[in-house]
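Naming: A, B, ... by sequence-line order, numbering from 1 per chain. Note that the structure is a prediction, hence the values are computed from the model and not measured.
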Amino acid sequence: RSHPCFAFPDWAYKPESSPGSRQIQLWHFILELLQKEEYQGVIAWQGDYGEFVIKDPDEVARLWGIRKCKPHMNYDKLSRALRYYYNKRILHKTKGKRFTYKFNFSKVVLVNYPLLDMASSPFLSPFKNFKCLQCEKVMWNGG
DNA sequence: CGCGGAAAAT
DNA sequence: ATTTTCCGCG
């Protein structure tokens, strides 16, 4: 694994030699935005554990387009990519709630870290149960 | 909007 | 393999 410091579920990893594996994955990007408070007007955790709302679909698509160098990206196409995550059990749709999806954090091996009592970043809360494989710490972004 | 098939692109 | 693109359907 190229990112050995975190115990993500299998779906967090991608084959290293496949053409589609060179660039950032959409769900990584989504988490990246969710991590940053400055984007809370654009996308934010809301509702159940792992659930998030895309408050500004056009803006999320624009940012994703910038990241992937796809100037014509839009929410229609971005959402199609999100729908491909359904079968892969990465995401599912929160029915009845517009622009609302939910990460399937349930497949994660629970570790329970008392030290991270999760008042910290809203981003961290869905990850409090992730345990580092090598350093035995729970963390993110090398922190 | 949200869905998923189909085909192309990377 | 993971989108990106396009699109008909409900």
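Within the 4.0 angstrom heavy-atom criterion, no nucleotide atom of any strand lies near A:K95. Contacts of A:Y84 with the nucleic acid, taken as non-hydrogen atoms under 4.0 Å apart, include base atoms. Among the protein residues, A:R83 comes within range of the nucleic acid bases, having at least one heavy atom under 4.0 Å from a base atom.
As rounded to whole Å, 14 Å separates atom P of C:dT2 from atom CG of A:L82. Distance A:I30 CD1 to C:dT3 P: 10 Å, rounded to the nearest Å. A:L91 places its CG atom 13 Å from the P atom of B:dG4, with the value rounded to the nearest Å. One can place CG of A:L26 at 18 Å from P of B:dT10, the figure rounded to the nearest angstrom. For the pair A:I24 CD1 and C:dT4 P, the interatomic distance rounds to 11 Å; values are reported in whole Å. In this entry the distance linking CZ of A:F29 with C1' of C:dT2 reads 16 Å, nearest Å. Protein atom NE2 of A:H72 is 13 Å distant from nucleotide atom P of C:dT4, rounded to whole Å.
Remark: A:Y86 is in phosphate contact with B:dC3, judged by side-chain N or O atoms under 4.0 Å from OP1 or OP2. Side-chain N/O atoms of A:W64 include one lying less than 4.0 angstrom from OP1 or OP2 on C:dT4.
Taken residue by residue, residues 73-81 of chain A places heavy atoms nearer than 4.0 Å to DNA chain C at A:M73, A:D76, A:K77, A:R80, A:A81.
Each of A:T100 and A:N87 was matched to the nucleotide of DNA chain B holding its nearest heavy atom; the match closer to the 5' end belongs to A:T100. Comparing A:P57 and A:K70, the nucleotide of DNA chain B nearest to each residue sits closer to the 5' end for A:P57.
Proximity of the aromatic rings of A:Y75 and A:F99 is defined here by a centroid distance below 6.0 angstrom, and this criterion is met.
Using cut-offs of 30° and 60° on the angle between ring planes, the pair A:Y86 and A:Y101 is tilted.
In this structure, the side chains of A:D56 and A:Y39 stay at 4.5 Å or more apart for every pair of heavy atoms. At least one side-chain heavy atom of A:L34 sits less than 4.5 Å from a side-chain heavy atom of A:F103. In this structure, A:L91 and A:F52 have side chains that are in contact, with non-hydrogen atoms separated by less than 4.5 Å.
For the atom pair CD1 (A:I30) and CD1 (A:I90), the distance works out to 11.5 Å, reported to the nearest 0.5 Å.
Looking at A:R67, A:H72, A:K68 one by one, the single match for side chain to side chain contact (heavy atoms under 4.5 Å, CB included) with A:K70 turns out to be A:K68.
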